[in-house]
Amino acid sequence: MQAVESDYFLAKDMAAQDEYVVQILHDVGLVTQDDILKARELTKLGGVGLLAALLKGGKISDVDVSKALAGQFGMDFIQLAEYRVPDEVIAMVPKSVARRYKVVPVYKHDNTLTVAVSDPMDVDTVDSLRYILKINVEPVVATLPEIEASLSRYYGTTDDTVENMLQDITEGEIDLGAQGKTAAATKIDDVTETEADAPIIKLVQLVIMQAYRDRASDIHIEPLEKRLRVRYRIDGVLHEVDSPPKRLQPSIISRLKIMSNMSIAEKRVPQDGRIQVPVMGRTLDLRVSALPTNHGESIVMRILDKSSLLLGLGDLGFFSDQQELISKIITSADGIFLVTGPTGSGKTTTLYGCLNTINKPDRKIITVEDPVEYQLPGINQVQVNADINLTFAAALRSILRQAPNIIMIGEIRDLETANIAVQSALTGHLVFSTLHTNDAPSAVTRLIDIGVKPFLVASATRAIMAQRLIRRICPKCKEPYKPTDYEMKTLNIDPAELEKTTIFKGRGCTDCSRTGYRGRTGIYEIFFVDEEMRRLIYERVPSNVLRTQARELGMRTLREDGVRKIMAGVSTPEEVISITSSDEN
């Protein structure tokens, strides 16, 4: 009971501190009341505090918070990356003390040692340092990520890293040869974690934790013939990381299958599961897929980020004119709004963002998804289950009797689902869904190919939007860049435009792992169906004719929207060309 009470009061204190810091940020104008209200909605989803919600939403940065707190308490703010601390100053604070209190010594003057702290409200830390070091300590403020990076730089990495864990295993300090195989085998009949499994449990936890630290969206664990490969997908690009030895493959795969409630006795068929794991003070939700391959089961874990649920249209990368058009579409009384693009292009995030925008108490919203990735507050969500014949079509037939105003269908896959979606749109419902096509006008052809009558497609469809995700330039190493003649020609950029604006590129730094990019945003192609378009769809003209007509009426292609992002300093010519290689000039 005492432990429960202490946890309660600790959480209460942290929440109160968050409120205090957020109030400071509001007072200095870094966040608005609307930003705070949105962040509070995110905290209701669980696993994240108010300040973390604001940071995750991109409204503020660690630097903003640290500068505001430093100003509030009359302290200096420094950026540790700009300092080279002498060895004799580092030696004044033992490694154990620096790591325990998360402080970095910066410089010494007379009998005063200046140290960087992340929390200027933590006066106990400064008092403790004065007592331990027997010297006057003067605090300055730095961001926690910079302090952690400096601790690794000056004191070496911590023991709790994947690299060190693997080194211990490789050097034989953790022997899991026959013992690990025995432990994994006994789990088939008795799912209990024995002492032999402890290193594997820790290793798997560290792999997931490191993926979260590196902002990965997916973790890929792939058995090859002679090795086990681990890769993280960061900003849409796969990066190979330190991988465990091949002999640990059975134990690692078994551990992950146990965590995701899969059968470890079944290795011949694909399986799906979910994992909820505590990481760095929050609960991480992972969707897990196991696929049998020639050399063992391949595991892919998708990290589900709940912060994307509360993104507004501006956060998704829409310009103001696009926001106005999308707002008009998603507030229609009826009709179909389709989002198209390949897997991983952000279609679900966009639809969730649209639903979040129109989710009001006077509207009933029902979704049919496969799978339900996120729990949306205030929305009725239905999970498709083929085992009991609960298909998209079967679910749609039932939910129409629930009298919804708005319906979201995870994907239109067959004629029956398409027909029900069309009929729903024609009988007063607003329908959101996705299709897999390369561009927006091709979705019309796709629906007709499925078997929907052209006049129904023309009558029911309000708009179709194609989208892709492009990497954003890292703000820490952003610098002016002159595009090559090939880039200018390929993107159809007028040289005269360069005199009015500056194009940027990331140089590459530690913050972006030397890639020059950090984070992603969307580029969009919005195909609005007006009377002229309805006539052409009814006449069943080819998609290229629809595309030509739409461009004459003002539709921007994916590449043209990408060029706008380049001119706005968001991304680079290289990235836009790579992502829109199939787009016509």
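For the single chain, residues carry numbers from 1 onward in sequence order.
Residues Pro404 and His429 meet the side-chain proximity criterion, which asks for heavy atoms closer than 4.5 Å. Looking at heavy atoms from C-beta onward, Val384 lies out of side-chain contact with Leu390 at the 4.5 angstrom threshold. Residues Leu546 and Met533 meet the side-chain proximity criterion, which asks for heavy atoms closer than 4.5 Å. A heavy-atom distance below 4.5 Å is not found between the side chains of Gln549 and Val545. Looking at Leu338 and Thr437, their side chains never come closer than 4.5 Å, going by heavy atoms from C-beta outward. Counting heavy atoms from C-beta on, the side chains of Met488 and Pro573 never come closer than 4.5 Å. Under the 4.5 Å side-chain criterion, counting only non-hydrogen atoms from C-beta, Ser424 is in contact with Leu400. In this structure, the side chains of Met209 and Val277 stay at 4.5 Å or more apart for every pair of heavy atoms.
Remark: Leu30 CG to Asp64 CG distance equals 5.0 Å, nearest 0.5 Å. Note that CG of Leu415 and CD1 of Ile420 are 9.5 Å apart. Values are rounded to the nearest 0.5 Å. Note that CZ of Phe392 is 9.5 Å distant from CD1 of Ile412, once rounded to the nearest 0.5 Å. Here CD1 of Ile406 is found 8.5 Å from CD1 of Ile379. Values are rounded to the nearest 0.5 Å. In this structure, the separation between CD1 on Ile326 and OG1 on Thr331 is 10.5 Å, given to the nearest 0.5 Å. Of the inter-residue distances, the one linking Ser243 atom OG with Leu224 atom CG reads 8.5 Å to the nearest 0.5 angstrom.
Take Asn544 and apply the side chain to side chain contact (heavy atoms under 4.5 Å, CB included) test, not counting sequence neighbours, and it matches Pro542. For Gln423, the side chain to side chain contact (heavy atoms under 4.5 Å, CB included) criterion is met by Leu456, not counting sequence neighbours. Checked against side chain to side chain contact (heavy atoms under 4.5 Å, CB included), Asp214 has the following partners two or more places apart in sequence or in another chain: Gln210, Tyr232, Ile234. The side chain to side chain donor-acceptor pair (under 3.5 Å) test applied to Arg556 returns Asp321, not counting sequence neighbours. With sequence neighbours excluded, the residues that form a side chain to side chain donor-acceptor pair (under 3.5 Å) with Thr350 are Gln467. Evaluation of the side chain to side chain donor-acceptor pair (under 3.5 Å) rule for Gln322 yields Asp561 as partners, not counting sequence neighbours. Residues forming a side chain to side chain donor-acceptor pair (under 3.5 Å) with Asp414 (at least two apart in sequence, or on another chain): Thr417.
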Residues 497-507 side chain polar contacts: donor-acceptor under 3.5 Å, at least two apart:
residue : atom : partner : partner atom : Å
Thr501  : OG1  : Met567  : O            : 3.2
Arg507  : NH1  : Glu479  : OE1          : 3.4

For residues 288-297, which side-chain N or O atoms pair as donor and acceptor with protein atoms under 3.5 Å away, sequence neighbours left out?
residue : atom : partner : partner atom : Å
Thr293  : OG1  : Gly296  : O            : 2.4
Glu297  : OE1  : Lys257  : NZ           : 3.0
Glu297  : OE2  : Lys257  : NZ           : 2.9

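Judged by distance alone, the side chain of Glu240 and the main-chain N or O of Arg229 form no donor-acceptor pair under 3.5 Å. No donor-acceptor pair closer than 3.5 Å links the side chain of Arg472 to the backbone N or O of Gly519. With hydrogens and angles ignored, the 3.5 Å screen pairs a side-chain donor or acceptor of Ser433 with a backbone N or O of Ile409. No donor-acceptor pair closer than 3.5 Å links the side chain of Lys565 to the backbone N or O of Ile470.
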Would you check, one step at a time, whether the test salt bridge (charged side-chain N to carboxylate O under 4.0 Å, His left out) holds for Arg564 with Glu560? CA-CA 7 Å; Arg564 293 179 81 194; Glu560 288 167 347; over 6 Å; no
Please lay out, stage by stage, how Asp218 and Arg231 fare under the test salt bridge (charged side-chain N to carboxylate O under 4.0 Å, His left out). CA-CA 8 Å; Asp218 305 286; Arg231 295 191 288 177; over 6 Å; no
Run the side-chain contact (heavy atoms from CB on, under 4.5 Å) check on Thr348 and Tyr352 step by step: do they pass? CA-CA 6 Å; Thr348 302; Tyr352 280 164; 3.6 Å; yes
Please determine whether side-chain contact (heavy atoms from CB on, under 4.5 Å) holds for the pair Phe337 and Cys354, giving the CA-CA distance in whole Å, both sets of side-chain angles, and the decisive distance to 0.1 Å. CA-CA 11 Å; Phe337 175 48; Cys354 291; 4.3 Å; yes
Given Ile566 and Glu575, is the side-chain contact (heavy atoms from CB on, under 4.5 Å) satisfied, shown in steps? CA-CA 9 Å; Ile566 294 170; Glu575 178 71 2; over 6 Å; no
Passes side-chain contact (heavy atoms from CB on, under 4.5 Å), Lys476 versus Cys512? Steps please. CA-CA 8 Å; Lys476 291 283 183 69; Cys512 60; over 6 Å; no
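Between Ile252 and Ile221 the shortest heavy-atom distance is CG2-CD1, 4.5 Å. Among all heavy-atom pairs drawn from Ile464 and Ala443, the shortest one is CG2-CB, 3.7 Å. Here the closest heavy-atom approach between residue Ala440 and residue Ala466 is recorded as N-CB, 3.5 Å. Between Cys477 and Gly516 the shortest heavy-atom distance is SG-CA, 4.3 Å. Residues Ser459 and Arg462 approach most closely at O-NH1, 3.4 Å, considering heavy atoms. The two residues Gln276 and Asp285 make their nearest non-hydrogen contact at CG-OD1, 3.7 Å.
Considering Leu435, Thr340, Val452 as possible partners of Arg446, the one that fulfils the side chain to side chain contact (heavy atoms under 4.5 Å, CB included) test is Leu435. With Thr490 as the fixed residue, the side chain to side chain contact (heavy atoms under 4.5 Å, CB included) test singles out one of Thr580, Val576, Ile577: Ile577. A side chain to side chain contact (heavy atoms under 4.5 Å, CB included) with Phe432 is found for one member of Ile407, Ile329, Leu351, Ile336 and no other, namely Leu351.
Counting only residues at least two apart or on different chains, the ring pair (Phe, Tyr, Trp, His ring centres under 6.0 Å) pairs with a member in residues 522-542 are Phe318-Tyr524. Judged as a salt bridge (charged side-chain N to carboxylate O under 4.0 Å, His left out), the pairs with a partner in residues 403-413 (not counting sequence neighbours) are, in order, Asp370-Arg413, Glu411-Arg413. Listed by first and then second residue, the salt bridge (charged side-chain N to carboxylate O under 4.0 Å, His left out) pairs involving residues 416-445 are Arg397-Glu416, Asp439-Arg547 (not counting sequence neighbours).
In the model, Tyr481 has a side-chain atom that pairs as donor or acceptor with a side-chain atom of Glu487 under 3.5 Å.
Remark: Asp272 does not engage Arg287 in a salt bridge, criterion side-chain N to carboxylate O under 4.0 Å.
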